[in-house]
Amino acid sequence: MSKNPLLTPLELKVMNILWKLKKAFVKEIREQWDDSDKEKPAYNTISTTVRILETKEYVDHQAFGRTHQYFPKISRFAYQKKLMGNVLENAFSGSTTHLISALIDSKKVSDEDLKEIEELIKKGKEES
């Protein structure tokens, strides 16, 4: 299995909770579940998901007797970079221009976002 493959929606939900809490037991992950349109998954479902995340090397644990406290091994930002790299390569054939064009065309980018992006580009050029 490749190191850190992309996450499923359920795995990402668990990771978002772990990134927020920094470390948590399965019970605490379940308590933080906030999907108003869906029921909370069963304890065993979350437990299984966390163990899968361990095999994917996103999560590690500290044992406390028979229970485990889990914590992220990868930061949210590191995952976001990995995900966007995958999207860029697979959906946009490596074209950053096409990616940004699609974001702008989707009306998901505000004028304020565009100003921030412009500042990031300027900052990147100055650091080069």
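Just so we're clear, the structure is a prediction, and the values are computed from it rather than from any experiment.
Counting only heavy atoms from C-beta outward, the side chains of Thr48 and Arg51 approach each other to under 4.5 Å. Side-chain contact between Pro72 and Met15 is present, with heavy atoms from C-beta onward closer than 4.5 Å. Contact of the Thr97 side chain with the Phe92 side chain is not registered, since no non-hydrogen atoms from C-beta on lie closer than 4.5 Å. Met84 is listed as a side-chain neighbour of Leu99, based on a closest heavy-atom distance under 4.5 Å.
For the pairing with Glu11, the side-chain contact (heavy atoms from CB on, under 4.5 Å) check across Asn16, Leu6, Thr49 returns one residue only, Thr49. Across Lys27, Lys20, Lys13, a single residue satisfies side chain to side chain donor-acceptor pair (under 3.5 Å) together with Gln32, and that is Lys20.
Here the closest non-hydrogen pair linking Lys56 and Thr8 is NZ-CG2, 4.5 Å. Summarising the geometry of Ser106 relative to Leu103, their closest heavy-atom pair is OG-O, 2.7 Å, with the distance given to 0.1 Å. Nearest approach of Gln62 to Phe71, heavy atoms of both residues: N-CE2, 4.0 Å. Heavy atoms only, all atoms of each residue included: Ile46 and Ile29 are closest at CG2-CG2, 3.7 Å.
Atom CZ of Phe64 sits in a crowded spot, with more than 12 heavy atoms from other residues, nucleotides or ligands closer than 6.0 Å. When the shell of 6.0 Å around CG of Asp111 is examined, it contains 12 or fewer heavy atoms from other residues, nucleotides or ligands. Counting non-hydrogen atoms of other residues, nucleotides and ligands closer than 6.0 Å to NZ of Lys40 gives a total above 12. Taking a 6.0 Å sphere around CD of Glu112, one finds it holds 12 or fewer heavy atoms contributed by other residues, nucleotides or ligands.
Put simply, Val14 and Trp19 are part of the same group of oily side chains (I, L, V, M, F, W, Y) that touch within less than 4.5 Å, one to the next. Put simply, Leu88 and Ile104 are part of two different groups of oily side chains (I, L, V, M, F, W, Y) that touch within less than 4.5 Å, one to the next.
Under 4.0 Å is where a charged nitrogen must lie from a carboxylate oxygen, and between Glu118 and Lys122 at least one such pair does.
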(request) Evaluate side chain to side chain contact (heavy atoms under 4.5 Å, CB included) for Val26 paired with Tyr70, printing each intermediate quantity in order. (result) CA-CA 8 Å; Val26 172; Tyr70 297 94; 3.8 Å; yes

(request) With side chain to side chain contact (heavy atoms under 4.5 Å, CB included) as the test, would you mind laying out the steps for Lys73 and Val59 before giving the verdict? (result) CA-CA 5 Å; Lys73 286 178 65 175; Val59 169; 5.7 Å; no

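Under the 30°/60° scheme for interplanar angles, the aromatic rings of His68 and His61 are found to stand perpendicular.
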